[in-house]
Amino acid sequence: QVRLVESGGGLVQAGGSLRLSCAVPLRTFSAYAMGWFRQSPGKVREFVATISGNGDYTRYTDSVKGRFTVSRDNAKNAAYLQMNSLTVDDTAVYYCAARHGATHDWRLYDYWGQGTQVTVSS
């Protein structure tokens with residue numbers, strides 16, 4: 001079972017920044033789109049951002065547009081989520097996931113990480 005590995009979560013004050021990383025142990029990494037999702041207690045898993053395999057397509061949920069940036073480095077088998085101007089509403093466990101073809105639907109992703117906690121204090 002392939003497991004992605006997220007890192008970079010933590011505690012940050014509102015207005016601050018964090019950069020999440022996702023290590024992807026998949027051959028032909030560039031063939032996989034990457035998605036970022038988040039989930040808070042009692043809430044459904046929420047789409048945050050996705051990026052295509054070659055990086056030329058990205059999509060964001062409205063609440064993070066202009067604040068978050070998704071990127072990838074295919075030479076390093078890694079994906080990233082740069083999060084700026086964080087608010088308390090961004091507090092959640094963040095997950096990265098991989099599949100063939102970018103989509104916002106978390107149910108269609110094949111490979112997942114264990115999640116990393118992001119907590120934003122006011």
Side-chain angles (χ1 to χ4, degrees):
Q1 179 71 16
V2 175
R3 174 68 72 177
L4 284 54
V5 180
E6 300 100 337
S7 60
L11 175 64
V12 63
Q13 287 190 328
S17 298
L18 283 174
R19 188 192 193 210
L20 304 183
S21 298
C22 178
V24 184
L26 290 170
R27 296 177 63 183
T28 63
F29 172 59
S30 61
Y32 291 86
M34 295 299 300
W36 287 94
F37 300 86
R38 63 188 181 187
Q39 190 165 18
S40 303
K43 295 187 177 180
V44 299
R45 188 162 296 189
E46 176 188 21
F47 166 74
V48 176
T50 186
I51 185 168
S52 61
N54 62 7
D56 63 352
Y57 170 81
T58 58
R59 178 179 174 182
Y60 300 89
T61 192
D62 286 346
S63 63
V64 309
K65 285 180 181 176
R67 300 190 298 122
F68 290 14
T69 302
V70 60
S71 62
R72 63 190 296 153
D73 185 338
N74 286 348
K76 295 183 178 180
N77 275 45
Y80 308 98
L81 185 68
Q82 177 67 45
M83 306 185 295
N84 299 329
S85 302
L86 285 161
T87 73
V88 294
D89 291 336
D90 295 316
T91 296
V93 177
Y94 283 71
Y95 300 89
C96 63
R99 73 178 300 272
H100 291 293
T103 179
H104 67 284
D105 190 341
W106 66 267
R107 296 167 298 180
L108 300 179
Y109 280 79
D110 299 308
Y111 305 103
W112 288 85
Q114 80 288 349
T116 186
Q117 177 70 46
V118 171
T119 303
V120 184
S121 63
S122 59

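Quantities reported herein were computed from a predicted structural model and do not represent experimental measurements.
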Selection residues 42-95 - residue pairs positive for disulfide bond (SG atoms under 2.5 Å apart), sequence neighbours left out:
none
Residues 57-109 vs disulfide bond (SG atoms under 2.5 Å apart), sequence neighbours excluded, gives Cys22-Cys96
Between atom [atom1] of [X] and atom [atom2] of [Y], what is the distance when rounded to the nearest 0.5 Å?
{"X": "Ser40", "Y": "Asp89", "atom1": "OG", "atom2": "CG", "result": "8.5 Å"}
{"X": "Thr28", "Y": "His100", "atom1": "OG1", "atom2": "NE2", "result": "6.0 Å"}
{"X": "Leu11", "Y": "Gln117", "atom1": "CG", "atom2": "CD", "result": "9.5 Å"}
{"X": "Gln13", "Y": "Thr119", "atom1": "CD", "atom2": "OG1", "result": "13.0 Å"}
{"X": "Gln82", "Y": "Arg19", "atom1": "CD", "atom2": "CZ", "result": "6.5 Å"}
{"X": "His104", "Y": "Glu46", "atom1": "NE2", "atom2": "CD", "result": "11.5 Å"}

What's the shortest heavy-atom distance between Arg3 and Gly113, and which atoms?
NH1-O, 3.4 Å
Between Ser85 and Ser17, the two heavy atoms sitting closest are N-OG, 4.3 Å
Test side-chain contact (heavy atoms from CB on, under 4.5 Å) applied to Asp105 - qualifying residues, sequence neighbours left out:
Thr103, Arg107, Leu108
With a cutoff of under 4.5 Å between side-chain heavy atoms, which Ile, Leu, Val, Met, Phe, Trp and Tyr residues group with Leu20?
Val2, Leu4, Val12, Leu18, Val24, Leu26, Phe29, Tyr32, Met34, Trp36, Val48, Ile51, Tyr60, Val64, Phe68, Val70, Leu81, Met83, Leu86, Tyr94, Tyr111, Val118, Val120
Using links of under 4.5 Å between side-chain heavy atoms of ILVMFWY residues, direct or through other members, which residues join Phe37 in one cluster?
Phe47, Val93, Tyr95, Trp106, Tyr109, Trp112
Has the side chain of Asn74 got a donor or acceptor atom that lies under 3.5 Å from a matching backbone atom of Asn54?
no
Side-chain donor/acceptor of Glu6 to backbone N/O of Gln114, under 3.5 Å:
yes
Output all residues satisfying ring-ring contact (aromatic ring centres under 6.0 Å, His included) with Tyr80, sequence neighbours left out; order by chain, then residue number.
none
